[in-house]
Structures are given as C-alpha cells and as structure tokens.
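Note sheet for the following structure.
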Number of protein chains: 2
Amino acid sequence: MIAEEAAVLFGVLSNADRLSVIRALVEVGPDGMSAGDIARQIGASPSRASFHLNALSEAGFLTKERQSRSQNYRIDFNKIGQLITFLMDDCCKGNAELRNCCSMRAG
Amino acid sequence: MIAEEAAVLFGVLSNADRLSVIRALVEVGPDGMSAGDIARQIGASPSRASFHLNALSEAGFLTKERQSRSQNYRIDFNKIGQLITFLMDDCCKGNAELRNCCSMRAG
DNA sequence: TACATATTTCAAGAATCATTGAAATGAAAG
DNA sequence: CTTTCATTTCAATGATTCTTGAAATATGTA
C-alpha cells in the first residue's frame with residue numbers, strides 16, 4: 001500500500017463515530033447490523049450514520065447488502081489488516097519494538 | 001486507549017507529508033534528523049514541515065531536542081504501537097484474521 | 001395505488017485542517 | 001552587537017470535513 005492511500009484510510013478512521021461503528025460491527029459478528037440499528041447504537045441520526053457508513057464502506061472497511069428494506073452492514077477485517085501491515089512494514093520497517101506490541105499475545 | 005484519543009492519532013497519520021516524515025525518521029534511525037533536513041527530504045517548505053512536525057510531536061509520534069541551531073527529531077515507536085494495539089484489541093477484539101496479518105512474519 | 005418503513009442524498013452552514021509567505025524567535029559566529 | 005543560520009509563529013486564504021434537517025429514493029404492505 002502506498003502512503004497516500006494509507007493516509008486516506010487513516011482519515012476514515014480519524015472519527016469517533018466511525019470507530020464506534022467498527023466496534024459495534026465487530027461485536028455483533030458476521031451477521032452484521034442494519035443501518036438503523038447502527039445509528040441507534042452509536043447515538044447518531046440516520047443521515048449522520050449514513051454519512052459515516054458510506055465513508056467506511058467506500059474505504060473498504062465494511063461491506064453492505066440490502067435485506068428487504070434495510071441495508072445490512074458487516075465488518076471486513078481486510079483493510080484494517082492492510083493498514084496495520086503498512087504501519088509495521090512499510091512505515092516502520094518491521095521495527096522489533098513495534099512487532100512485540102501486537103504479536104501473539106493471548107493467542 | 002479510548003476511541004476519541006485513537007481518532008485524534010489517526011487524524012495525525014492521515015496526511016502523506018506526515019507519513020513521509022515518519023518514514024524518513026525510521027530510515028535514518030536513532031540519530032534522528034534536523035527539521036531542515038526533513039523538510040528537504042520530504043520536499044516541503046520550512047514552515048510547512050514545521051507545521052507537520054509539530055502535529056507529529058504533539059501527538060507523541062516524535063521527540064525533539066535542540067542541538068545547537070537545529071532541532072533534532074527522532075521517531076518514537078510507542079504511540080504507533082499503542083495505535084496498533086487499539087486497532088487489534090480494542091477495536092477488533094483480537095480477531096484472528098487480523099492477528100495473522102502482523103505476527104512474527106520474517107521475524 | 002396509497003401508505004409506511006428504511007436509508008440515502010442534498011444544500012447550507014459550521015468547524016477543522018493545510019498552505020503560503022512574511023515576520024519573529026533562538027542560537028552561534030564574526 | 002550585528003549578522004547569519006535554523007526554525008517557528010502568525011495571519012490570511014483556501015480546501016476539506018462534519019452536522020443538520022428536509023427532500024428524495026427504495027422496498028414492502030394494505
């Protein structure tokens with residue numbers, strides 16, 4: 001991943017509402033959650049939630065699928081993994097101190 | 001780390017100039033680099049570089065120390081480590097797919 | 001078709017962030 | 001103490017992002 005792309009992804013994560021969305025979708029697991037339920041859970045209006053859900057799924061952190069009247073959003077761990085890899089390998093060249101912080105603890 | 005704090009740190013990383021600074025300081029190693037050399041290396045004016053260096057060191061990604069007429073900046077891996085931990089553990093609850101992406105490869 | 005539910009889109013305004021170049025500050029040398 | 005070098009600060013401007021509420025779209029039901 002190039003730095004410019006990583007910068008955009010970090011920008012998407014630089015918002016507490018959006019981190020709350022990610023957290024909520026991680027907790028609910030693979031079934032995912034509707035836009036409305038997400039909005040209620042993070043305490044945001046429908047349009048505000050939609051704005052942030054759009055940013056997250058455009059960036060590839062979420063997938064969405066229509067289910068009847070609702071949109072069902074699910075977490076996709078891939079982009080987060082790519083970002084962590086960027087930080088560790090590209091940005092910090094595999095620095096040992098950094099590898100220790102996230103390796104196999106409680107595995 | 002709480003989500004609001006992580007959001008601020010992601011905001012600091014959401015800029016290509018600042019990622020270039022981090023990269024340059026990782027490459028130069030523990031000796032660090034002066035503000036002027038950093039500015040030249042990333043292709044930014046002194047005031048622009050100073051603006052970004054300030055954001056990075058305020059956030060804790062860098063340390064600085066005056067050396068004669070120059071300011072010497074060094075990378076501090078700690079905050080990046082905390083951020084990765086936030087992503088892995090707090091945000092994503094230690095998801096296995098995510099742990100694999102950054103554990104012990106090429107260690 | 002009419003109506004209700006779920007979500008997105010849009011425009012306006014507020015807030016935040018980045019860039020520029022000039023001026024100010026700090027530190028060393030003549 | 002003046003000059004030079006290195007960096008930061010500042011004000012102005014431009015650009016981007018966020019929020020709000022209303023309107024529009026999409027889907028399902030009577």
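All figures in this text were calculated on a predicted structure; none of them were measured in a lab. Each chain gets a letter, A, B and so on, in the order the sequences are listed, and its residues count up from 1.
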- Task: For each nucleotide in nucleotides 11-27 of chain D, reading 5' to 3', give B when a protein heavy atom comes within less than 4.0 Å of its base, S when such contact involves only the sugar-phosphate, and - otherwise.
- Result: -------SBBBB----B

- Task: Examine D:dA6: is either OP1 or OP2 under 4.0 Å from a nitrogen or oxygen in the side chain of B:Tyr73? Give yes or no.
- Result: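 B:Tyr73 to D:dA6 OP1/OP2: no side-chain N or O under 4.0 Å.
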
- So, is A:Lys64 close to the C:dT8 phosphate, meaning a side-chain N or O under 4.0 Å from OP1 or OP2?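 Yes, because at least one side-chain N or O of A:Lys64 sits under 4.0 Å from OP1 or OP2 of C:dT8.
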
Enter the distance from [X]:[atom1] to [Y]:[atom2] here, rounded to the nearest 0.5 Å.
X: B:Glu97; Y: A:Ile80; atom1: CD; atom2: CD1; answer: 9.5 Å
X: A:Leu56; Y: A:Leu62; atom1: CG; atom2: CG; answer: 4.5 Å
X: A:Leu25; Y: A:Arg74; atom1: CG; atom2: CZ; answer: 10.0 Å
X: A:Tyr73; Y: A:Ser57; atom1: OH; atom2: OG; answer: 5.0 Å

- Go through the steps to decide whether B:Gln41 and B:Asp37 satisfy the test side chain to side chain donor-acceptor pair (under 3.5 Å), and finish with yes or no. CA-CA 6 Å; B:Gln41 177 141 342; B:Asp37 286 349; over 6 Å; no

Over how many whole Å does the gap from [X] atom [atom1] to [N] atom [atom2] extend?
X: B:Gln71; N: C:dT25; atom1: CD; atom2: C1'; result: 12 Å
X: A:Phe10; N: C:dA18; atom1: CZ; atom2: C1'; result: 19 Å
X: A:Leu53; N: C:dA6; atom1: CG; atom2: C1'; result: 13 Å

- Query: If you count the non-hydrogen atoms of other residues, nucleotides and ligands that lie under 6.0 Å from CD in A:Glu58, is the total more than 12?
  - Reply: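 It does not: A:Glu58 CD has 12 such atoms or fewer within range.
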
- Validation row: A:Phe77, A:Ile84 side chains within 4.5 angstrom (heavy atoms):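 Result no, sub-4.5 Å side-chain heavy-atom pair not found.
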
- Heavy-atom side-chain proximity of A:Met88 to A:Asn95 below 4.5 angstrom: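 They are not in contact (no side-chain heavy atoms under 4.5 Å apart), so the answer is no.
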
- Message: Short of 4.0 Å, heavy atom to strand atom, which residues of residues 29-38 of chain A count as contacting DNA chain C?
- Response: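 Close to the strand are A:Ser34, A:Ala35, A:Gly36.
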
